[in-house]
Amino acid sequence: MYTAHPDRYAHMPYRRTGRSGLKLPALSLGLWHNFGPDRPVETQRAILRRAFDLGITHFDLANNYGPPPGAAESALGEFLKTDFAPYRDELVISTKAGYLMWPGPYGEWGSRKYVLSSLDQSLKRMGLDHVDIFYSHRPDPETPLEETMGALHSAVQQGKALYVGVSNYSAEQTREAARILGELGTPLLIHQPRYSMLDRRPESEGLLDALDELQVGSIVFSPLEQGVLTARYLDGIPEGSRAASDSPFLNSDALTDELVGKLRALDDIAASRGQSLAQLALAWVLRGGRVTSALVGASSARQIEDSVGALDNLEFEADELARIDAVING
């Protein structure tokens, strides 16, 4: 029987999410990959246990995480029963609806029919009566935003979600979503964008400014760019890596000699700070407090430990930020 570490809250910083009462750990665990039947159950259990023992109280999912879709939620449901049942009220569990889950016109996007049906299926897979955060995973170009946000509001009214968020929405769409939800009486809690040293669109496209203005929290995914911002690719593409498999999320063509050169230069900056490249990348997105939490994935408990090590040094000198910018833009 699993007993959580008694000092699990000793070192993890928790950041208030926007203007809400909810605090999230600076690092959250994403179950996008590595939580399906193709991964050993004991490895999955070890990752979750180590994360919680280190103060990571937020487990982030979506209906389509796995593979196959739904597998991550089903896996977490089993671990909630066997390991985390005594700790449910110490956990923040989030899920999303937006991508394809079943055939036909009601199996994806943002209709009320799909969003609420998806949430019911997610709760059943996880064995829960509610999630803490429920997201619209992507904007629907054909469904009125009022309908999608109304579905999120209904999830809260029905007691199936405590808070709601959006993901992959533009700054303008986020402002409109926040307005609609505010009028309904269910505030927009959080936005989940992609953001990293290599992908700065939330800055350049004004999303972070919009979130500051709206007092909405942010939790960023892919802060390590699917593993690119780690030591794994400093010497090319290793056999068995995601890039070697030409994953739809990362393929060998993206890892050019120019990019590898930049990674090595960033690794030198990380070393000068006493960090790994991955730790530098996580510290960078968390710098200054604009980002509430950064999502990390893991294929082993050791990777969780390395990620948490980033929290030992979140401060940057101006010249360090300038050197990083020079590498990225050079």
Decide whether [X] and [Y] meet the rule of one side-chain donor and one side-chain acceptor closer than 3.5 Å.
{"X": "Q275", "Y": "D312", "answer": "no"}
{"X": "S307", "Y": "Q303", "answer": "no"}
{"X": "T57", "Y": "Y9", "answer": "no"}
{"X": "N34", "Y": "S299", "answer": "no"}
{"X": "S293", "Y": "H58", "answer": "no"}
{"X": "T95", "Y": "E73", "answer": "yes"}
{"X": "N63", "Y": "S122", "answer": "no"}
{"X": "E176", "Y": "Y169", "answer": "no"}
{"X": "S170", "Y": "Q173", "answer": "yes"}

Can you check whether [Y]'s main-chain N or O pairs, donor with acceptor, with [X]'s side chain at less than 3.5 Å?
{"X": "R287", "Y": "W284", "value": "yes"}
{"X": "D140", "Y": "G110", "value": "yes"}
{"X": "K262", "Y": "I328", "value": "yes"}
{"X": "Q192", "Y": "V166", "value": "no"}
{"X": "S28", "Y": "A294", "value": "no"}
{"X": "T256", "Y": "L259", "value": "yes"}
{"X": "R8", "Y": "I56", "value": "no"}
{"X": "R49", "Y": "D53", "value": "no"}

Beyond-backbone contact of [X] with [Y], side-chain heavy atoms, under 4.5 angstrom:
{"X": "L189", "Y": "V164", "value": "no"}
{"X": "E225", "Y": "R194", "value": "yes"}
{"X": "Y195", "Y": "S218", "value": "no"}
{"X": "V131", "Y": "S94", "value": "no"}
{"X": "F59", "Y": "F79", "value": "no"}
{"X": "T174", "Y": "L214", "value": "yes"}

Test: R88 and D132 ion pair at under 4.0 Å: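 A salt bridge links R88 with D132.
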
Do E172 and R175 meet the salt-bridge criterion of a basic N to acidic O distance under 4.0 Å?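 Salt bridge between R175 and E172, a charged N being under 4.0 Å from a carboxylate O: no.
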
Is the distance between the ring centroids of [X] and [Y] under 6.0 Å?
{"X": "Y2", "Y": "F84", "value": "yes"}
{"X": "F52", "Y": "Y87", "value": "yes"}
{"X": "Y65", "Y": "F35", "value": "no"}

Heavy-atom closest contact ([X] atom, [Y] atom, distance):
{"X": "D212", "Y": "R290", "answer": "OD2-NH2, 2.7 Å"}
{"X": "H137", "Y": "A62", "answer": "CE1-CB, 3.7 Å"}
{"X": "S222", "Y": "W32", "answer": "OG-CZ3, 3.9 Å"}
{"X": "A75", "Y": "Q44", "answer": "CB-OE1, 3.6 Å"}
{"X": "V308", "Y": "L54", "answer": "CG2-CD1, 4.0 Å"}
{"X": "G165", "Y": "L188", "answer": "CA-CD1, 3.7 Å"}

Output, in order, the C-alpha distance, side-chain angles, deciding distance and verdict of side chain to side chain contact (heavy atoms under 4.5 Å, CB included) for N168 and F221. CA-CA 10 Å; N168 299 303; F221 70 90; 3.5 Å; yes

Do Y163 and L152 sit in the same hydrophobic cluster, where Ile, Leu, Val, Met, Phe, Trp and Tyr count as joined when their side-chain heavy atoms come under 4.5 Å apart?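 Hydrophobic grouping puts Y163 apart from L152.
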
With [X] as the cation and [Y] as the aromatic partner, state whether NZ or CZ is under 6.0 Å from the six-membered ring centre and within 45° of the axis.
{"X": "R138", "Y": "Y99", "value": "yes"}
{"X": "K96", "Y": "Y135", "value": "yes"}
{"X": "R112", "Y": "Y106", "value": "no"}

Point-to-point distance, once rounded to the nearest 0.5 Å, from CZ of R232 to CG of L277: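 Spacing of CZ (R232) from CG (L277) equals 13.5 Å.
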
Taking atom [atom1] of [X] as the centre, report whether more than 12 heavy atoms of other residues, nucleotides or ligands fall under 6.0 Å from it.
{"X": "R201", "atom1": "CZ", "result": "no"}
{"X": "R19", "atom1": "CZ", "result": "no"}
{"X": "Q158", "atom1": "CD", "result": "yes"}

